[in-house]
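What follows is one structure encoded as structure tokens, with my remarks underneath.
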Amino acid sequence: MAKGRTAAVVLAAGLGTRMKSATPKVLHPVAGRPMIGHLMAALNDLGAERTVVVVSPGMPEVGDYVAPARIAIQDPPLGTGHAVLAAREVLGDFDGDVLVLFGDTPLLTIETMRGMVAARRDAADPAVVVLGFRPADPAEYGRLVAGEDGGLDAIVEFRDADAAQRGIGLCNAGIMAIDGRRLFALLDEVGNGNAKGEYYLTDIVAIARAKGWSCAVVETADPDEVMGVNSRAGLAEAEAAMQRRLRAHHMDEGVTLTDPATVYFNWDTAIGRDVTIGPNVVFGANVSIAADVEIRAFCHIDGARIASGAIVGPFARLRPGADIGPDVHIGNFVEIKESTLEAGAKANHLSYIGDSRVGAGANIGAGTITCNYDGYFKSRTDIGAGAFIGSNTALVAPVTVGAGAIIGAGSVVAKDVAADALAVTRAEHVERPGLALTYRARKQAAKDAARGKSKKAG
Ligand code: UD1
Ligand code: MG
């Protein structure tokens with residue numbers, strides 16, 4: 001028996017019409033990654049040496065996405081057995097084990113894939129290992145018909161099943177591990193004389209049995225794992241299941257989630273130990289958080305790196321390129337984009353910081369805005385260590401504020417400020433004693449005169 005070699009066929013030629021989308025179904029994201037991407041990553045970790053993705057014509061985006069995996073075109077789609085046949089050119093000579101997966105089943109775990117391959121390599125040398133599950137409602141799934149020896153005798157599609165077979169609770173999840181040396185011989189015997197007139201992959205079990213080869217079932221206890229996405233509602237269910245899994249994973253790894261059900265992770269969110277995440281926090285792609293960070297409620301964090309000891313939020317927005325240094329504080333209604341905040345810097349209230357460096361220990365006052373865009377070009381702002389930017393300052397980039405400088409509140413800073421200088425640009429304070437009284441008296445008299453006139457007219 002060829003030990004240790006695995007290849008995979010991922011079926012994705014279904015048109016996914018119920019998604020009502022211009023995007024092929026398998027490219028719709030779950031936890032920020034296309035459904036098929038979850039499978040491709042697992043296959044890569046598994047060490048699959050060849051992977052073929054079976055698509056329909058007119059889905060070039062799928063081929064681009066899964067490259068360097070090979071693509072096989074199935075035209076027209078005549079059933080799951082016919083789809084696997086399309087992989088013959090790439091896998092016809094493969095003598096290891098072939099995993100067949102459905103591209104719209106993003107929650108399948110690598111542990112289950114490993115279990116399937118291990119069962120295929122069992123001493124009994126089964127030709128086909130099928131993933132079984134017991135859904136609460138078996139609905140229209142194919143039923144797994146057990147043999148007297150405890151193995152698998154056949155898979156009967158719902159439409160072709162009799163009443164007794166429909167009563168079987170163990171269903172076909174669709175995933176199989178097949179001996180590559182026997183796969184195409186089995187497929188060559190699959191016909192289409194069934195209720196749907198399709199070439200069913202599931203028929204290979206009965207064909208193998210007729211040849212005297214054994215077949216086996218691996219059962220998953222987690223029906224979420226084999227959830228197939230067919231519609232937007234199904235996509236939302238898969239997202240919810242994936243989020244439950246990610247929340248559990250992060251808590252297992254030492255992250256406190258005050259209200260787990262309200263925190264949304266991306267598949268690649270990386271979080272250190274003893275991080276606390278408050279309610280209603282959303283993570284986009286490519287976020288990494290070091291140990292001992294606190295993310296307070298209602299933050300949206302995307303493409304950011306956060307160093308240890310930082311406090312972010314509540315209500316903060318970190319956008320791609322936000323590099324938050326150790327012990328930095330980012331407070332409410334602060335937006336940071338493509339900017340580095342060095343150790344201990346603070347921006348606690350109502351600010352926009354874009355295309356900037358904020359030096360260690362600098363303090364950004366409430367309402368400070370970096371004016372980084374002139375309608376045509378983006379420019380940088382550089383704020384030195386220990387600088388103090390007064391509230392409601394506009395920093396018109398490109399501009400540099402030297403280390404230790406102080407900017408008076410309400411300034412519009414369009415010229416560089418030297419280190420340790422104090423710069424203020426607001427207009428001079430003018431005060432005329434008692435003028436408010438004179439002003440009110442004059443205005444009131446004018447108003448009374450106008451009223452008197454309109455009464456006479458009426
Ligand atoms: C299939 C199984 C059924 C199982 C169920 C689990 C068969 C015959 N039936 O039924 O036993 O319980 O999955 O979800 O296999 N595809 C192609 N080309 C085709 C047809 C399908 O690539 O010609 C792809 C689809 O894109 C999809 C997968 O194969 O990813 C499954 O096809 P689908 O039509 O959903 O099969 P089911 O009828 O659900
Ligand atoms: Mg299906």
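Counting starts at 1 for both ligands and their atoms, following the listed order.
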Would you mind listing which atoms of ligand 1 come within a distance below 4.0 Å of any non-hydrogen atom of [X]?
X	value
Ala83	17 (C), 18 (N), 22 (O)
Thr80	7 (C), 8 (C), 15 (O), 20 (C), 21 (C), 29 (O), 31 (C), 32 (O)
Thr202	7 (C), 8 (C), 9 (N), 11 (O), 15 (O)
Lys196	38 (O)
Leu78	23 (O)
Ala12	22 (O), 26 (O)
Gly142	3 (C), 4 (C), 11 (O), 12 (O)
Asp104	30 (O)

task: Answer with yes or no after comparing the ring centroid distance for Phe265 and His250 against a 6.0 Å cut-off, counting only values under it.
output: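 Ring-ring flag for Phe265/His250: true, centres closer than 6.0 Å.
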- request: Assess whether atom CZ of Arg70 is packed by more than 12 heavy atoms of other residues, nucleotides or ligands within 6.0 Å.
  value: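 No, because the 6.0 Å sphere around CZ of Arg70 holds 12 heavy atoms or fewer from other groups.
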message: Against the six-membered ring of Phe94, is Arg50 placed for a cation-pi contact (under 6.0 Å from the centre, within 45° of the normal)?
response: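 Arg50 over Phe94 ring: no.
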- prompt: So is Arg296 actually on top of Phe315's ring, under 6.0 Å and inside 45° of the axis?
  reply: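 No, a cation-pi geometry is absent between Arg296 and Phe315.
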task: Tell me, please: is His82 in heavy-atom contact with ligand 1, that is, under 4.0 Å?
output: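 The answer is no, since His82 has no heavy atom less than 4.0 Å from ligand 1.
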field: Gly228 touching ligand 1 at heavy-atom level, < 4.0 angstrom
entry: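 Flag not set, Gly228 not near ligand 1.
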query: Looking at atom 39 (O) of ligand 1, would you say a protein heavy atom lies below 4.0 Å from it?
result: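 It does not; no protein heavy atom is within 4.0 Å.
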